[in-house]
Amino acid sequence: MTVVKDKDKESQNPLARAFQNAIVQPLRESRAEMRKVVWPTREETIRLTIVVILLSAVMSAILFAADALFSWLLLLLQNAVATL
């Protein structure tokens with residue numbers, strides 16, 4: 001007669017297997033992946049944050065200039081059509 005261990009009984013339970021596969025296993029895998037991450041140093045974080053802020057400011061200025069130009073062109077077009 002074969003003795004079934006408690007762990008074997010638990011792994012045969014479909015509900016326990018579903019919980020293990022759906023909840024516990026992804027959490028374990030995520031934790032293992034997070035241990036592999038190489039986090040940036042404080043200096044790198046500050047430098048990259050400054051780069052992001054500067055690029056955002058430059059892109060904002062470009063978009064503002066384009067918006068102002070198109071608004072001016074639209075105003076000219078509306079005035080030209082209104083005088084016809």
Side-chain angles (χ1 to χ4, degrees):
M1 180 174 203
T2 305
V3 177
V4 178
K5 296 179 182 177
D6 288 338
K7 187 170 184 166
D8 292 336
K9 283 183 185 178
E10 186 176 309
S11 65
Q12 292 173 356
N13 181 353
L15 186 60
R17 268 197 322 256
F19 180 77
Q20 175 74 20
N21 291 336
I23 305 288
V24 176
Q25 189 64 27
L27 290 175
R28 285 184 182 156
E29 291 171 1
S30 296
R31 185 175 181 199
E33 288 298 320
M34 289 299 289
R35 288 185 176 155
K36 296 177 187 177
V37 172
V38 178
W39 297 102
T41 63
R42 181 177 178 87
E43 291 78 21
E44 286 176 318
T45 303
I46 291 170
R47 188 183 66 231
L48 292 174
T49 301
I50 291 170
V51 168
V52 167
I53 291 170
L54 289 176
L55 285 175
S56 297
V58 169
M59 287 304 300
S60 296
I62 291 170
L63 289 173
F64 174 78
D67 183 51
L69 174 67
F70 288 129
S71 295
W72 179 71
L73 290 173
L74 183 61
L75 183 63
L76 284 178
L77 182 62
Q78 288 173 342
N79 289 337
V81 171
T83 58
L84 292 178

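- Under a 3.5 Å cut-off, the side chain of Glu44 and the backbone N or O of Thr41 do form a donor-acceptor pair.
- Thr49 pairs in a side-chain contact (heavy atoms from CB on, under 4.5 Å) with only one of the listed residues (Val52, Thr45, Ile46), which is Thr45.
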Does the side chain to side chain contact (heavy atoms under 4.5 Å, CB included) test come out yes or no for Phe64 and Met59, once each step is laid out?
CA-CA 8 Å; Phe64 174 78; Met59 287 304 300; over 6 Å; no
Residues Leu55, Val51; criterion side chain to side chain contact (heavy atoms under 4.5 Å, CB included); working and verdict
CA-CA 6 Å; Leu55 285 175; Val51 168; 3.9 Å; yes
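- Asp67 contributes atom CG, which lies 13.5 Å from atom CD1 of Ile62 (distance to the nearest 0.5 angstrom).
- Under the 4.5 Å side-chain heavy-atom criterion for grouping Ile, Leu, Val, Met, Phe, Trp and Tyr, Leu75 is not connected to Phe70 through any hydrophobic cluster.
- With rounding to the nearest 0.5 Å, the separation of CG in Leu74 from CG in Leu69 is 11.0 Å.
- Atom CG in Leu76 sits 11.0 Å away from atom OG in Ser71 (nearest 0.5 Å).
- By the side chain to side chain contact (heavy atoms under 4.5 Å, CB included) test, Leu54 pairs with Ile50, sequence neighbours left out.
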